[in-house]
Amino acid sequence: MKIIGITGGIGSGKTAVLSIFKEEYGAFIMEADALAHRLMEPGQRSYTDIVDTFGDGILASDKTIDRAKLGAIVFGDPDKLERLNQITHPNVKNAILESINEQKESGCELYILEAALLIQDGYLSICDEMWFVYANVEVRIDRLCRYRGFSRDKAVAVIRSQEPDSYYEINCVKKIDNSGDREELRNHIRTAMEIL
């Protein structure tokens with residue numbers, strides 16, 4: 001089984017890359033952020049520790065974690081954000097390793113792991129290859145404004161707050177240009193897969 005890590009900045013179009021891998025290559029897709037959210041649901045492995053650490057005030061009326069309330073607590077306080085990461089990151093990594101083993105045993109041939117912070121969170125050693133999804137800045141700004149309702153200033157600020165393209169280029173073996181249309185993206189992926 002080949003494990004490919006997919007990473008890149010906000011608005012680069014990682015979701016489009018994942019859909020092509022799923023539809024055209026039959027890949028198993030693991031989105032680390034979505035997994036982290038699932039692990040915060042009642043009965044899942046991050047839930048109790050998060051509630052014990054941050055209190056019942058973060059809960060909605062149905063006892064699920066209200067991520068907006070939790071975000072309001074941690075995103076202005078680096079120590080609290082670090083505490084949240086200390087709870088969630090190991091749980092996510094363990095769940096991903098379990099998933100990789102399950103997929104390997106089931107005969108899966110291609111496992112795609114996606115997250116914006118794959119490199120920073122130490123997944124280089126888990127993946128056979130790390131791929132960087134790239135799009136030029138104006139394309140990314142346009143996507144964020146159109147699909148997420150960002151203002152131009154907000155889009156620019158968020159992009160600037162993330163790692164520069166050079167960081168991904170140093171740490172990844174392939175760069176997938178997603179500045180164009182879906183057919184161009186499909187061709188870039190096909191070329192990269194042939195080399196793989």
Side-chain angles (χ1 to χ4, degrees), residues 1-39 85 88-89 92-93 95-97 99-100 103-104 108-196:
M1 181 173 80
K2 283 284 185 194
I3 303 170
I4 300 175
I6 299 291
T7 192
I10 189 169
S12 60
K14 296 184 294 293
T15 303
V17 171
L18 298 183
S19 71
I20 290 171
F21 269 119
K22 186 172 185 175
E23 294 162 15
E24 300 186 20
Y25 297 90
F28 179 87
I29 307 295
M30 174 60 76
E31 295 177 78
D33 291 346
L35 174 63
H37 294 157
R38 286 197 300 276
L39 295 179
N85 288 337
T88 57
H89 288 191
V92 169
K93 189 170 268 188
I96 286 170
L97 292 172
S99 167
I100 286 170
Q103 291 303 314
K104 207 174 274 183
C108 174
E109 293 182 7
L110 184 59
Y111 189 104
I112 305 295
L113 174 57
E114 180 275 326
L117 300 178
L118 276 187
I119 299 161
Q120 297 90 324
D121 289 345
Y123 286 91
L124 283 168
S125 61
I126 291 171
C127 299
D128 294 307
E129 290 192 354
M130 191 71 72
W131 293 12
F132 162 39
V133 180
Y134 164 85
N136 71 55
V137 172
E138 283 305 318
V139 169
R140 292 169 66 189
I141 291 168
D142 180 62
R143 286 175 181 160
L144 293 172
C145 294
R146 269 196 296 155
Y147 301 124
R148 298 205 193 179
F150 284 22
S151 68
R152 181 178 176 83
D153 287 346
K154 181 179 180 182
V156 169
V158 172
I159 289 169
R160 283 191 180 147
S161 75
Q162 296 185 333
E163 300 288 358
D165 291 345
S166 59
Y167 173 83
Y168 294 105
E169 288 167 349
I170 290 165
N171 287 286
C172 297
V173 298
K174 292 194 176 107
K175 178 177 174 179
I176 304 297
D177 191 339
N178 189 15
S179 301
D181 62 23
R182 193 173 176 89
E183 190 55 38
E184 289 175 86
L185 175 60
R186 189 177 281 117
N187 290 335
H188 289 304
I189 292 171
R190 186 180 301 119
T191 301
M193 287 298 289
E194 286 168 0
I195 297 167
L196 177 73

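In this chain, numbering begins with 1 at the start of the sequence shown.
A donor-acceptor pair is defined here as one N or O able to donate and one able to accept, closer than 3.5 Å; no such pair exists between the side chain of Arg152 and the backbone of Ile141. A donor-acceptor pair is defined here as one N or O able to donate and one able to accept, closer than 3.5 Å; no such pair exists between the side chain of Asn178 and the backbone of Leu185. Although no hydrogens or angles enter the test, the distance criterion places a donor-acceptor pair under 3.5 Å between the side chain of Thr7 and the main chain of Ala115.
For the residue pair Asp177 / Ser179, a side-chain donor-acceptor distance below 3.5 Å is found, with atom types taken as modelled.
Remark: Arg146 engages Asp142 in a salt bridge (Lys or Arg N to Asp or Glu O under 4.0 Å) (not counting sequence neighbours). Every residue meeting the salt bridge (Lys or Arg N to Asp or Glu O under 4.0 Å) condition with Arg182, not counting sequence neighbours, appears here in chain and number order: Glu23. Considering only residues two or more places apart in sequence or on other chains, Lys154 meets the salt bridge (Lys or Arg N to Asp or Glu O under 4.0 Å) condition with none of them. Glu129 meets the salt bridge (Lys or Arg N to Asp or Glu O under 4.0 Å) test with Lys174; sequence neighbours excluded. For Tyr167, there are no ring pair (Phe, Tyr, Trp, His ring centres under 6.0 Å) partners two or more places apart in sequence or in a different chain.
Residue pairs meeting the side chain to side chain donor-acceptor pair (under 3.5 Å) criterion with at least one member in residues 186-196, sequence neighbours excluded: Glu24-Arg186, Glu183-Arg186, Asn187-Arg190.
In this structure, the side chains of Val133 and Ile6 come closer than 4.5 Å at one or more pairs of heavy atoms. Contact check for Tyr111 versus Ile4: no side-chain heavy atoms found under the 4.5 Å cut-off. You'll find the side chain of Glu163 reaches within 4.5 Å of the side chain of Gln120, heavy atoms only. Looking only at side-chain heavy atoms (C-beta outward), Ile29 and Glu114 stay at 4.5 Å or farther from each other.
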